[in-house]
Engineer: 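Please read through the structure below; I'll follow up with questions.
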2 protein chains.
Amino acid sequence: MFSMLFMRSESDVTGRARIRNAALELFGAEGVNRVSVRAIAARAGVSAALVLHHFGSKEGLRKACDAYVVEQVRGGPEADLDDVSGLAAMLEAGSAVRLYLGRAFLDGTPEAAALFDDIVEATERWLEDGVRAGWVHPSDDPRARAAVYVTWLLAPLTFGEHLARVLPAGDLPETDRTLRSSRAGIEIFTRGLFADDRVLHAWDAVRKERGSR
Amino acid sequence: MFSMLFMRSESDVTGRARIRNAALELFGAEGVNRVSVRAIAARAGVSAALVLHHFGSKEGLRKACDAYVVEQVRGGPEADLDDVSGLAAMLEAGSAVRLYLGRAFLDGTPEAAALFDDIVEATERWLEDGVRAGWVHPSDDPRARAAVYVTWLLAPLTFGEHLARVLPAGDLPETDRTLRSSRAGIEIFTRGLFADDRVLHAWDAVRKERGSR
DNA sequence: CCGCATGCTGAACAGATGTTTAGCATGCTG
DNA sequence: CAGCATGCTAAACATCTGTTCAGCATGCGG
C-alpha cells in the first residue's frame, strides 16, 4: 500500500518503459534466452506477472525492445545521409541499445534482419555517391563490398568484449576504447592494409583452382 | 591394450563422436542455451542419458566441443606461419566447426577467449613481419590494427546469415558465397576504401572535441 | 560357467521457466 | 456513493530443463 506509493514516486518513468529498459539492458548483456522474465521484473522492481501483463509474453517484450531499438537507430538525423547516418546514430546511441542491437543481429530476429538489409542498401548508395564524387575507390563488386563493410562496422560491436580484453584502456571510459579501435579501422580504410596485390592474386589463384575442379 | 584402443576408436565413430558432432552442429546453428540435451541425443540417435553418461554434464559436452574445435583450428599446418595459418585453417575447416567457433566467440567461453587472444597475437606478429618485408603498410597503432583485423576476419563468420541473404548466390555452394565476400574484403585491404584522408581527419576532429570536454 | 565392465536405456526428480488466474488497492467517472 | 478501469501482485500451473538412478544387454577375461 504505502510501499506502492513510495515506489511509484521513486520512479519518474512509467512502469512499461522501466520494464523495457531493464529488458534492453539484460537482453543486450546476456542474450535473450539467458534472461528470465523474473530477472527482468526484479531489475525493474516489479513482479514477473506485471511484465507479462504489459507485454503479453516474453516474445512480446522482445519485439517491443526490437521496435524501440530500431526506432532509435532509424529515427536519427535522417536527412544527414552524406554521413553513414543510420550507423552513426547507432554508434551514438546508448551503450545498452548498442549491445542489444549486436545481440539482435546474431539472434536473427526478423526486425534486425530487415534493419541490416536497409543499412546495407543505404551504405551501397552512400559508397556509390562516394565513388562518383571521387573520395571512394571504385569496386569490382559494389554490393559485396557494401555488405562486407557493414559487417566490419558491426564487428567491434559484437566482439567488443574481446577487443576490450586485447586493447586494455586502463580506466578510460568505454567511448575512448571504441575510439581506439575505430581509429585503427579508419586507418585501414584510408591507407589499405596490403602494400601490393600479392594477396589479391593469391585469392584469384584459389578461385581458379576451385573453379577448375 | 590394443583391443581397448581399437574399441575406443571404433566407439568414437559410433558413440562419443556422433554425440559430439551432433552437439557441434546444433550448438553452432542455434547457440548453446537454445539446444537441449534431449535434442542433441535425438540428432545423434541415442538417449539423453547417454549424452550425460559420456560427458558428465551439458557443460562437459560444451567443453568437449570447445576443445575439439580449438584443436581443429590450432592443429593446422603450424609451421606455415607466413600465411594467416590459424585463421586459414579455420576457414578451411568444416562448416559446422566454423559456425560453432563463431558462436563460441560470442558466448564468451574462456577457451574461445584464449583462442581469440592467441590469434590476435599471431596476427600482430604476422603484420609486423609484413611491414618489415614491405608488403604491409605500417600502422600508427599496430596492436589495435591487429585486433580490428581479426574481428573483421571473424565478422563474415558471425554475420554469415545476413550476408547470404544480402548476397544471393543462387544455388552455388556455400564456399562460393564465402569467396565472394572474402574477395570484397581483400579488395578493401589491398586498395583501401577511402581515396583521401577526409574521414581520417574527421575522426581526429571528433577525438579532439571529445578530449577537450 | 561366473563375474564384471561397458554401452546404453526409460523413468523419475528437482529446479527453473513462461504463463495464467484470482484478486487487491487506487483513482477516475457517472 | 457505486461502478469500473487501471496498475499491480502472490500463488499456482504446466512444461521444459539438466541430471540421476536402477537396470538391461552384450561381450570379454577368469
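Numbered from 1 within each chain, the chains take letters A, B, ... in sequence-line order. Please read all numbers here as calculations on a predicted model, not as lab measurements.
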Engineer: Rounded to whole Å, please give me the gap between CD in Glu30(B) and P in dT17(D).
Structural biologist: 12 Å

Engineer: Does Arg183(A) form a salt bridge (charged side-chain N to carboxylate O under 4.0 Å, His left out) with Asp140(B)? I'd like the steps, not just the answer.
Structural biologist: CA-CA 9 Å; Arg183(A) 156 84 206 206; Asp140(B) 297 336; 2.6 Å; yes

Engineer: Are Phe189(A) and Trp152(B) near enough that their ring centres are under 6.0 Å apart?
Structural biologist: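 Yes, ring centres under 6.0 Å apart.
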
Engineer: Can you check the Ile40(A) CD1 to dT19(C) P distance for me, whole Å?
Structural biologist: 11 Å

Engineer: Show the nearest heavy-atom pair for residues Ile19(B) and Ile40(B), with the distance to one decimal.
Structural biologist: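 Closest heavy-atom pair between Ile19(B) and Ile40(B): O-CG2, 3.9 Å.
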
Engineer: Calculate the interatomic distance between Arg16(B) atom CZ and dT6(C) atom P; express it in whole Å.
Structural biologist: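 Arg16(B) atom CZ is separated from dT6(C) atom P by 14 Å.
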
Engineer: Output the rounded distance in Å from CG (Leu50(A)) to C1' (dG7(D)).
Structural biologist: 7 Å

Engineer: Which atoms form the tightest heavy-atom contact between Arg62(B) and Tyr100(B), and what is the distance?
Structural biologist: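 Looking at all heavy atoms of both residues, the shortest contact is O-OH, 3.2 Å.
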
Engineer: Restricting to pairs with a member in residues 27-53 of chain A, which pass side-chain hydrogen bond (donor to acceptor under 3.5 Å, both in side chains), not counting sequence neighbours?
Structural biologist: Glu25(A)-Arg43(A)

Engineer: Between which residue ranges does DNA chain C form stems of three or more consecutive Watson-Crick or G-U wobble pairs, both distances under 3.5 Å?
Structural biologist: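 The stems that DNA chain C takes part in, listed by first number, are C:1-30 with D:1-30.
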
Engineer: Could you state the atom-to-atom distance from NE2 of His54(A) to C1' of dG7(D) in whole Å?
Structural biologist: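 These atoms are roughly 6 Å apart.
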
Engineer: For nucleotides 18-27 of chain D, just jot down a letter per nucleotide in 5' to 3' order: B, S or -, based on protein non-hydrogen atoms under 4.0 Å.
Structural biologist: BBB-------

Engineer: Look at the aromatic rings of Phe194(A) and Tyr149(B) and report parallel, tilted or perpendicular, splitting at 30° and 60°.
Structural biologist: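 It falls in the perpendicular class, over 60°.
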
Engineer: In whole angstroms, how far is the C1' atom of dT19(C) from the CG atom of Leu61(A)?
Structural biologist: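 Taking atom C1' of dT19(C) as the reference, CG of Leu61(A) is at 13 Å.
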
Engineer: Answer yes when Arg143(B) and Glu124(B) have at least one side-chain N-carboxylate O distance shorter than 4.0 Å, and no when they do not.
Structural biologist: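 Glu124(B) and Arg143(B): salt-bridged.
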
Engineer: Look only at the side chain of Lys58(B) and the backbone of Val35(B), and say whether a donor-acceptor pair between them is shorter than 3.5 Å.
Structural biologist: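 Confirmed, Lys58(B) side chain pairs with Val35(B) backbone.
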
Engineer: How many whole angstroms separate atom CZ of Arg18(A) from atom C1' of dC8(D)?
Structural biologist: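 That distance rounds to 12 Å.
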
